[in-house]
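Report on the following structure.
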Amino acid sequence: RVFSMEQETFVVFKDNLTKKLLTEFLENLLAEISHYCEDQVQFSYQLLTAILFQDGCEPRMTMANKLGEDIKDSAEYENAAIYYTAGKPPRGKYFKSWKDYQQHHVVKVKNQPNTTPKKLAEDWDKPGLAIGDPEREVKKILVALDVIDPVVEEARRIGADMVVTHHPMLLFRKIESITADTLLGKRIFNLIQNNIAAFSAHTNLDIAAGGTNDALAELAGLKNIEILEETWAESLKKIVAYVPVGHEQAVRDALCGAGAGHIGAYSHCTFGAVGKGTFLPLEGTNPFLGEQGRLETADEIRLETIVPAEKVHAVVQAMLAAHPYEEAAYDIYPVEQTGKKEGIGRIGELPQEIPFREFAKQLKERLGLDVIRLVGDGEKPIKRVGLCTGAGVEFVSLAAAKGCDAYLTADIKYHEAQKAVEMGIAVADVTHYASEVLIVPVLQEKLQAAAKKNGWNIEVVCSTVDGQTFWTIE
């Protein structure tokens, strides 16, 4: 019987010879199991157990999640080598000691899993680390919407090393001094004294796919989602490699495996043309084809594809590693088109038309609001909806111009509401807090998933603080 485990695979070795023999055995075993299970049962490659060696090299089996306890129980294993397997075999990593393995699973403030690149943020924004030691180890993260005093106290109480929020703590604040007799200064003191870092993802989280705007669009029941206003586009390059015939597939796989070849929803997009390459190996060379001092003509493939500019270096290195030539010929060109696009706000469609009043009632219930402020005709049929979480009333004109029947945002003022009425677009003020607190559990899940993927021993929890500042009287 084959058991699928949620844990990783470990093998602890007593000596190098045993390590060599058992490593080969384990990888062959995993390969055989995976081959069998592909046809018979669903199988997880994060599996098996740990093999520990006691007196006289007698093996003892132990569950992977007890590995730490087993090693700590015996000083004999403290400096034992560890073979760690994650993912489809044969793929492994060696650690010289238990301490080295533990360090692999440690994440520091400076390299905590950030799921929203800072490059997406608006120019005026201040996301990222506001307070904290970048070198401090992180074991527990608290996720909240704002760094307010109740959240800081909650972080202290649960032993969090870092608070990750949507709103930056120091945004729009000109700090000339930090003293404990001011509200902000007291909060900063509290964070520092309790070794709690403060990190935020603001407009980059608004803009990123799966961020605040997508969370609100999903809650509103919108389909066929598109960006309201584009703010960022991926820069692309063209890479051309000249490969001897018969080796083009290996190089193509290397290029695309490193991130090249993506066009829309398609991957491994390349083009190849046959041609003749010439080269003359000089003294000191070790040519793959031909010999020193003689001009060589080779049948080659001009293999070309597209690559994000930020991945050019990694793609080139992967190509060179797979290329058979001692000196590979390749070119990199700028291109006019762009790749993936990101932007602020979203536009989507309801499954069917619905009166604005009824749509607003649904939003009120789903967002948990006591009341909801509305602008426009309550009986207006709503199908196409635009939105921008937080204070996004500046985009109401754009939403109207793009054919939206309604627009969802927050912090609407009187004259802005008047303008919306004049344009004939219905607007719902869903409150700043309610429109964006949706992202807290989403961010918690993303951070926890990123930590698990990287093998980091950190816990990520959602804040229980209700930060809604407005209340109403019926």
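Computed from a predicted model, the values in this text were never measured in an experiment.
In this structure, Glu248 CD and Asp253 CG are separated by 10.5 Å, a value rounded to the nearest 0.5 Å. To the nearest 0.5 angstrom, Lys118 atom NZ is 9.0 Å from Leu129 atom CG. The line from CD of Gln444 to SG of Cys462 is 4.5 Å long, rounded to the nearest 0.5 Å. Residue Thr270 holds its OG1 atom at 8.0 Å from CD of Gln249, rounded to the nearest 0.5 Å. Expressed to the nearest 0.5 Å, how far CG of Leu303 lies from CZ of Arg252 amounts to 5.0 Å. To the nearest 0.5 Å, atoms NE2 (His323) and CG (Leu255) are separated by 9.5 Å.
Residues Ile207 and Asn204 form no side-chain contact, since every pair of their non-hydrogen atoms from C-beta on lies 4.5 Å or further apart. Side-chain contact between Val138 and Trp456: absent, with no pair of heavy atoms (C-beta onward) separated by less than 4.5 Å. Contact annotation: the side chain of Gln292 never approaches that of Leu282 to less than 4.5 Å [non-hydrogen atoms, C-beta and beyond]. Proximity of Ile141 to Phe199: side-chain heavy atoms (C-beta onward) are nowhere separated by under 4.5 Å. Contact annotation: the side chain of Ile239 never approaches that of Val312 to less than 4.5 Å [non-hydrogen atoms, C-beta and beyond]. Asp161 is listed as a side-chain neighbour of Arg136, based on a closest heavy-atom distance under 4.5 Å. Inter-residue side-chain proximity for Val440 and Ser463 is flagged as unmet; no heavy-atom pair is nearer than 4.5 Å. Using a 4.5 Å heavy-atom threshold, the side chains of Phe279 and Leu295 count as separate.
Panel note: side chain Lys237, backbone Lys311; no donor-acceptor pair is recorded below 3.5 Å. The closest donor-acceptor contact from the side chain of Gln448 to the backbone of Val460 lies under 3.5 Å. No side-chain donor-acceptor contact under 3.5 Å links Glu229 to the backbone of Arg346. Of the possible donor and acceptor atoms, one in the side chain of Thr409 sits under 3.5 Å from a partner among the backbone N and O of Cys388. Thr285 places no side-chain N or O within 3.5 Å of a backbone atom of Pro287 that could act as its donor or acceptor partner.
Taking the side chain to side chain contact (heavy atoms under 4.5 Å, CB included) definition, one finds that Leu222 meets it with Ala217, Ala220, Ile225, Leu350, Val385, Leu387, sequence neighbours left out.
For the residue pair Met169 and Ile131, the shortest heavy atom distance occurs at SD-CD1, 3.6 Å. Contact detail for Val251 and Ala322: the closest heavy-atom pair is CG2-O, 4.1 Å. Taking both residues in full, the closest heavy atoms of Ala434 and Leu367 are given as O-CD2, 3.6 Å, listed atom of the first, atom of the second, then distance. His202 and Asp125 make their closest contact through ND1-OD1, 2.9 Å (heavy atoms, listed as atom of the first residue, atom of the second, distance). Counting all heavy atoms, side chain and backbone alike, Ile263 lies closest to Cys269 at CD1-CB, 3.8 Å. In terms of heavy atoms, Arg156 sits closest to Asn194 at CG-OD1, 3.3 Å.
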- Query: Taking it one step at a time, do Glu154 and Val152 satisfy side-chain contact (heavy atoms from CB on, under 4.5 Å)?
  - Reply: CA-CA 5 Å; Glu154 181 181 26; Val152 175; over 6 Å; no
- Message: Could you walk me through whether Val147 and Val151 satisfy the side-chain contact (heavy atoms from CB on, under 4.5 Å) test, starting with their C-alpha distance in whole Å, then the side-chain angles of each, then the deciding distance to 0.1 Å, before giving a yes or no?
- Response: CA-CA 6 Å; Val147 188; Val151 170; 5.7 Å; no
- Task: I would like to know whether Leu228 and Ile344 meet side-chain contact (heavy atoms from CB on, under 4.5 Å); could you show each step before the answer?
- Result: CA-CA 6 Å; Leu228 177 59; Ile344 196 76; 5.6 Å; no
- Task: Would you check, one step at a time, whether the test side-chain contact (heavy atoms from CB on, under 4.5 Å) holds for Leu142 with Met162?
- Result: CA-CA 6 Å; Leu142 178 67; Met162 172 181 276; over 6 Å; no
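The side-chain contact (heavy atoms from CB on, under 4.5 Å) test with Leu443 is passed by exactly one of Leu438, Leu145, Leu205: Leu205. Of the residues listed (Thr212, Asn213, Thr231), the one engaging Asp206 in a side chain to side chain donor-acceptor pair (under 3.5 Å) is Thr212, and it is the only one.
Remark: Glu349 CD is packed, more than 12 non-hydrogen atoms of other residues, nucleotides or ligands lying under 6.0 Å away.
No salt bridge links Glu300 with Arg302; every basic N to acidic carboxylate O contact stays at or beyond 4.0 Å. A salt bridge links Glu226 and Arg384; the closest N-O separation between the charged side-chain nitrogens and carboxylate oxygens is under 4.0 Å.
Taking the six-membered ring for Trp and thresholds of 30 and 60 degrees, Tyr325 and Phe288 have ring planes inclined between 30 and 60 degrees apart.
Contacts classified as ring pair (Phe, Tyr, Trp, His ring centres under 6.0 Å) and involving residues 213-234 (residues at least two apart or in different chains) are not found.
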Which donor-acceptor pairs under 3.5 Å do the side chains of residues 331-339 make with protein atoms, sequence neighbours left out?
| from | atom 1 | to | atom 2 | distance (Å) |
| --- | --- | --- | --- | --- |
| Asp331 | OD2 | Tyr242 | OH | 3.0 |
| Asp331 | OD2 | Tyr333 | OH | 3.3 |
| Thr338 | OG1 | Lys341 | NZ | 3.2 |

